[in-house]
Number of protein chains: 2
Amino acid sequence: MKKPETRIQKKNRAAILSAGLDVFSQFGFRGATLDQIAEAAGLSKPNLLYYFPSKEEIHQQLLTSLLSTWLDPLRKMNDSGDPIEEILGYAKRKLALSRDFPRESRLFANEILQGAPRLGDSMPALNALVDKKATVINGWAKAGRIAAIDPYHLLFLIWAQTQHYADFDVQVRAVLGRDDPFPEAATFMEHMLRRTLAP
Amino acid sequence: MKKPETRIQKKNRAAILSAGLDVFSQFGFRGATLDQIAEAAGLSKPNLLYYFPSKEEIHQQLLTSLLSTWLDPLRKMNDSGDPIEEILGYAKRKLALSRDFPRESRLFANEILQGAPRLGDSMPALNALVDKKATVINGWAKAGRIAAIDPYHLLFLIWAQTQHYADFDVQVRAVLGRDDPFPEAATFMEHMLRRTLAP
DNA sequence: TTATGTTTTGACCATCCGGTCAAAGCTACG
DNA sequence: CGTAGCTTTGACCGGATGGTCAAAACATAA
């Protein structure tokens, strides 16, 4: 019994979510205001609340749709491919996410910084996937196909480095004094990972 | 003509700064409230404002004292020491900061995520130090004493990885399902850096 | 055109927020 | 002890904030 969305609904809901992403990713949940989001979406505040019942609902929806995007690169890591190329491919896909979806990256960072209070439900799923892939990587290490390393800290390394280019964007650009650090970042990451992983 | 601080002043100012660090590092500047800070410090809100003229002032003072602590490990990197050991030493000191001052790390992360609006004045100093050390590292690379790598991205790598263990603490602990990831993190980082830097 | 459902808005509300102030309480020292 | 200066607080203020509501404006299709 779901009613189909009208064109106007589709457009406005999308505008609100995009505006919410802008504001939440910069100021966090508590620091963001509905007026800010409404203005960024080009709507009045009551109109915004006609499409979403509450501030929390907007945030929740953003977080939910974020998570599947975010875990996708890890899911795509092929357990039976070449270990080093698979890990490298994963890292590159993750870096591409940072380049193409920096707001989503910052939203995630903000949520974790605040102790992930609105992510509690999804954490088990994340955990399961990570454990599964860590086991695979551990198998590669045990088989001598990559260096003997802790798979969890390897994943942390990739997460940390890729998130950094999105979340600390301001600092990165200030230090480099120029735009688009991503091409070099990819090169650097490949160098680092190949050497770290070599058996 | 500075008046000396009484014991009470010293104690309360410290309590306020510590409470402010707790709250600001979790919720960011806008998300933090004076009532929250006052309660965490065990004071009433007007009493808090007797010691600090405004919310902004507390935040500013925290940021300022953070920055010198934060850059210290990089400053201590010895230009004429053994390249690999110097870089490794720097990374380890930085990781120790994440372990011992996670709230400061998160405060910094929050500030950068929001676009560093209250860090503008200090950015040039940071930049100067980073440029200087990057030149040194670049010299080591050019001389073949370490691998040929981009010094800036090497610094980003160290920052990203060390910050991660403090800022994403919740996620790290959730994934590992246990406390204190730091000993293994140090081991992993050393493995990774030695291989990445080897000429 | 008219009737029906959708979308937008101005006015409003209770609560929270950063901050003020005058008065009360307390401490240290002569 | 007394008192001068330091500390604490309750009451309060103007503005922001999340959210409501009824009515107006608009779109759509018979």
- Distance under 6.0 Å and angle within 45° of ring axis: A/Arg99 vs A/Tyr165: no
- Message: When you measure from the side-chain N and O atoms of A/Ser44 to the phosphate of C/dT9, is any distance below 4.0 Å, counting only OP1 and OP2?
- Response: yes
- Task: Report the nucleotide, chosen from D/dT9, C/dG19, D/dG18, that has the shortest atom-to-atom distance to any side-chain atom of A/Asp35.
- Result: D/dG18
- For B/Gln36 and A/Arg30, does a side-chain donor sit closer than 3.5 Å to a side-chain acceptor? yes
- Message: Suppose we call a contact any N or O donor and acceptor under 3.5 Å apart; does that hold for the side chain of B/Lys55 and the base of C/dG19?
- Response: no
- Message: If you assign each of A/Pro53 and A/Thr33 to its closest nucleotide in DNA chain D, which residue comes earlier from the 5' end?
- Response: A/Thr33
- Query: Taking OP1 and OP2 of C/dT7, is either one under 4.0 Å from a side-chain nitrogen or oxygen of A/Gln9?
  - Reply: yes
- Query: Within the pair B/Arg30 and C/dG18, is there a side-chain N or O less than 4.0 Å away from OP1 or OP2?
  - Reply: no
- Message: In this structure, how many angstroms lie between the C1' atom of C/dG10 and the CG atom of A/Leu48, rounded?
- Response: 16 Å
- Task: For D/dT8, take OP1 and OP2 only and decide whether either is under 4.0 Å from a side-chain N or O of B/Asn12.
- Result: yes
- When you get a sec, tell me which of C/dG18, C/dT20, D/dT7 is the closest nucleotide to the side chain of B/Tyr51? D/dT7
- Could you tell me whether the phosphate oxygens of D/dT7, OP1 or OP2, come under 4.0 Å of any side-chain nitrogen or oxygen in B/Asn47? no
- Among D/dT20, D/dG18, D/dT7, the one nearest any side-chain atom of A/Leu49 is D/dT20
- Query: Any chance the side chains of B/Asp131 and B/Tyr152 put a donor and an acceptor closer than 3.5 Å?
  - Reply: yes
- Message: Taking the minimum atom-to-atom distance to the side chain of A/Tyr50, which one of C/dT9, C/dT6, D/dG18 wins?
- Response: C/dT6
- Item | Nearest listed nucleotide, side chain of A/Pro46, among D/dT9, C/dT9, C/dG19 | C/dT9
- In whole Å, what is the span from the CD1 atom of B/Ile16 to the C1' atom of C/dG18? 15 Å
- Item | side-chain hydrogen bond (donor to acceptor under 3.5 Å, both in side chains) partner of A/Ser105, chosen from A/Asp169, A/Asp167, A/Asn110, A/Asp100 | A/Asp167
- Task: Classify the nucleic acid contact of A/Ala38 as base, sugar-phosphate or nothing, counting any heavy atom under 4.0 Å across all strands shown.
- Result: nothing
- Taking the side chain of A/Lys45 as heavy atoms from C-beta outward, which of D/dT20, C/dC17, D/dG18 is closest to it? D/dG18
- Separation of C/dT15 atom P from A/Leu34 atom CG, nearest Å, is 18 Å
- Nearest atoms (heavy-atom pairs only) where B/Val23 meets B/Thr33: CG1-N, 4.4 Å
